[in-house]
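Structure, as structure tokens:
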Amino acid sequence: MIGVGFGDLATTVAYLHAANLFKTYTLHRKRVPVLRGVSLEVAKGECVAVLGKSGSGKSTLLHLLGGLDRPDRGGAGAGKISVDGVDLASLRFRSLDRYRAQSVGFVFQLYHLLPELSVLENVTIAAMVKGGSIGASTRGRAVEMLGEFGLGDRLAHRPAELSGGERQRVALARALINTPPLLLADEPTGNLDPATGGQILDLLDAFRNRNSATMVIVTHSMDVARRADRVVRLVDGVVSTA
Ligand SMILES: Nc1ncnc2c1ncn2[C@@H]1O[C@H](COP(=O)(O)OP(=O)(O)OP(=O)(O)O)[C@@H](O)[C@H]1O
Ligand SMILES: [Mg+2]
């Protein structure tokens, strides 16, 4: 691991270290280059907001950081991601599943809630994936968290019976229920009115302060960007700090 090299964080060790990431999709034999050498370092406990116009590769980057997809292979040094000293390329199958379940809370842009499960079940299932079973304390924690998120009277609803903003809050609760050291959130306030979005940001701040969590948040919102420690922009497939 190397020093992060900015400001007073220069002597700390990066918690998340991504170097020279490339990602090109191939669709109908046409190549769609998206990431062209993205490098990013995030210190433990730091919150970084990732901005960039639609289609710039923000979700793609987040998926790579969360181990949901792999960067393209390249020459020496290309495509390396490490989190808390663990090289994601060295993780396969169950160890990658374990990394995702134990270390990462992921808020998907399109929620990805399980349609046949209730709100409460959608949250507790993340704890089940991590721990194998759901005890009364997990259920209690999920009920408490959903209450804090303003969903106390929606526990038995299925995702189709929720508004977009409510689904987004369920997705956030699911991401936080295991108290992950790393939260990767893809536009967590994207479908919320400013007041509800502000409440979610307060909850995220509280979570971060309580747990010293490290966060990478993709956003178009200036409110989110203002609360972050640092803002980076994805422009033309690379990170621009300008
Ligand atoms: N599976 C795929 N196959 C082919 N092209 C893809 C695939 N996934 C994404 N893309 C393309 O890659 C580009 C980046 O997509 P991505 O979802 O990362 O953008 P984004 O910055 O998150 O955009 P938005 O702000 O709209 O969410 C887009 O142009 C998209 O069309
Ligand atoms: Mg996106």
Side-chain angles (χ1 to χ4, degrees), residues 16-42 47-74 78-81 83 88-89 96 100 104-114 122 159 162-176 180 182-194 196-198 200-201 204 214-228 230-242:
L16 187 157
H17 172 70
N20 213 16
L21 303 182
F22 283 79
K23 187 73 183 175
T24 293
Y25 294 109
T26 304
L27 192 65
H28 307 310
R29 288 200 233 135
K30 227 180 124 204
R31 287 164 55 81
V32 184
V34 178
L35 305 183
R36 306 161 190 249
V38 166
S39 295
L40 180 68
E41 305 228 336
V42 185
C47 176
V48 173
V50 178
L51 270 57
K53 64 182 190 203
S54 179
S56 60
K58 303 180 299 297
S59 295
T60 300
L61 173 63
L62 223 55
H63 291 164
L64 300 187
L65 300 180
L68 296 162
D69 199 357
R70 300 277 194 192
D72 297 341
R73 287 165 202 268
K80 187 175 159 64
I81 303 171
V83 175
L88 294 201
L96 188 60
R100 286 197 296 247
V104 185
F106 203 102
V107 182
F108 291 92
Q109 186 168 12
L110 299 172
Y111 324 126
H112 290 314
L113 299 175
L114 295 169
N122 260 287
L162 298 172
S163 73
E166 287 169 344
R167 281 177 218 170
Q168 196 153 31
R169 281 178 274 160
V170 178
L172 190 58
R174 178 181 59 185
L176 299 183
L182 176 63
L183 180 77
L184 303 173
D186 202 346
E187 303 198 25
T189 63
N191 288 309
L192 302 177
D193 59 89
T196 313
I200 291 294
L201 293 180
L204 276 174
T214 306
M215 295 186 176
V216 180
I217 304 185
V218 166
T219 188
H220 289 285
S221 155
M222 281 303 131
D223 287 340
V224 178
R226 258 193 300 275
R227 291 196 192 206
R230 191 156 53 95
V231 172
V232 300
R233 284 184 175 72
L234 266 186
V235 182
D236 298 331
V238 297
V239 166
S240 156
T241 47

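First listed ligand is number 1; within each ligand, the first listed atom is number 1.
Annotation: Asp193, atom CG; neighbour count of heavy atoms from other residues, nucleotides and ligands within 6.0 Å is above 12.
A donor-acceptor pair is defined here as one N or O able to donate and one able to accept, closer than 3.5 Å; such a pair exists between the side chain of Lys23 and the backbone of Arg70. Looking only at distances, a side-chain donor or acceptor of Asn122 sits under 3.5 Å from a matching main-chain atom of Leu114. In terms of modelled atom types and a separation under 3.5 Å, the side chain of Glu41 and the main chain of His17 share no donor-acceptor contact. Using modelled atom types, one side-chain atom of Arg100 and one backbone atom of Gly67 make a donor-acceptor pair closer than 3.5 Å.
Within a 4.0 Å radius of atom 1 (N) of ligand 1, the protein has at least one heavy atom. For atom 13 (C) of ligand 1, the nearest protein heavy atom lies closer than 4.0 Å.
Where the criterion is an N or O separation shorter than 3.5 Å, residue side chain and backbone included, Gly55 meets it with respect to ligand 1. For Gly57, a nitrogen or oxygen atom sits less than 3.5 Å from a nitrogen or oxygen atom of ligand 1, counting backbone and side chain alike.
Counting only heavy atoms of the protein, atom 17 (O) of ligand 1 lies nearest to Ser59 CB, 3.6 Å. Looking only at protein heavy atoms, the nearest one to atom 26 (O) of ligand 1 is Ser54 OG, 2.6 Å. Closest protein heavy atom to atom 25 (O) of ligand 1: Lys58 NZ, 2.7 Å. Of all protein heavy atoms, the one closest to atom 18 (O) of ligand 1 is Thr60 OG1, 2.6 Å. Remark: minimum distance from atom 6 (C) of ligand 1 to any protein heavy atom is reached at Tyr25 CD1, 3.2 Å.
Paired with Ile217 under the rule side chain to side chain contact (heavy atoms under 4.5 Å, CB included), one option of Leu204, Val48, Val50 passes, and it is Leu204.
Taking the six-membered ring for Trp and thresholds of 30 and 60 degrees, His112 and Phe108 have ring planes more than 60 degrees apart, a perpendicular arrangement.
Residues Ala175 and Pro180 share a closest heavy-atom pair of O-CG, 3.3 Å. The two residues Phe22 and Arg36 have their closest heavy-atom pair at CE2-C, 3.5 Å.
Using a cut-off of 2.8 Å, one finds that Gln109 contributes an N/O/S atom close to the Mg ion (ligand 2). Residue Thr60: no N/O/S atom is found under 2.8 Å from the Mg ion (ligand 2).
In this structure, Ser56 counts as a contact residue of ligand 1, since one of its heavy atoms falls inside 4.0 Å of the ligand.
Atoms of ligand 1 lying under 4.0 Å from any heavy atom of His220, numbered from 1 in the order shown and given with element: 25 (O). Residue contact check: Val34 has heavy atoms under 4.0 Å from atoms 12 (O), 13 (C), 14 (C) of ligand 1. In the vicinity of Gln109, heavy-atom distances shorter than 4.0 Å reach the ligand 1 atoms 27 (O).
Contact of the Asn20 side chain with the Val38 side chain is not registered, since no non-hydrogen atoms from C-beta on lie closer than 4.5 Å.
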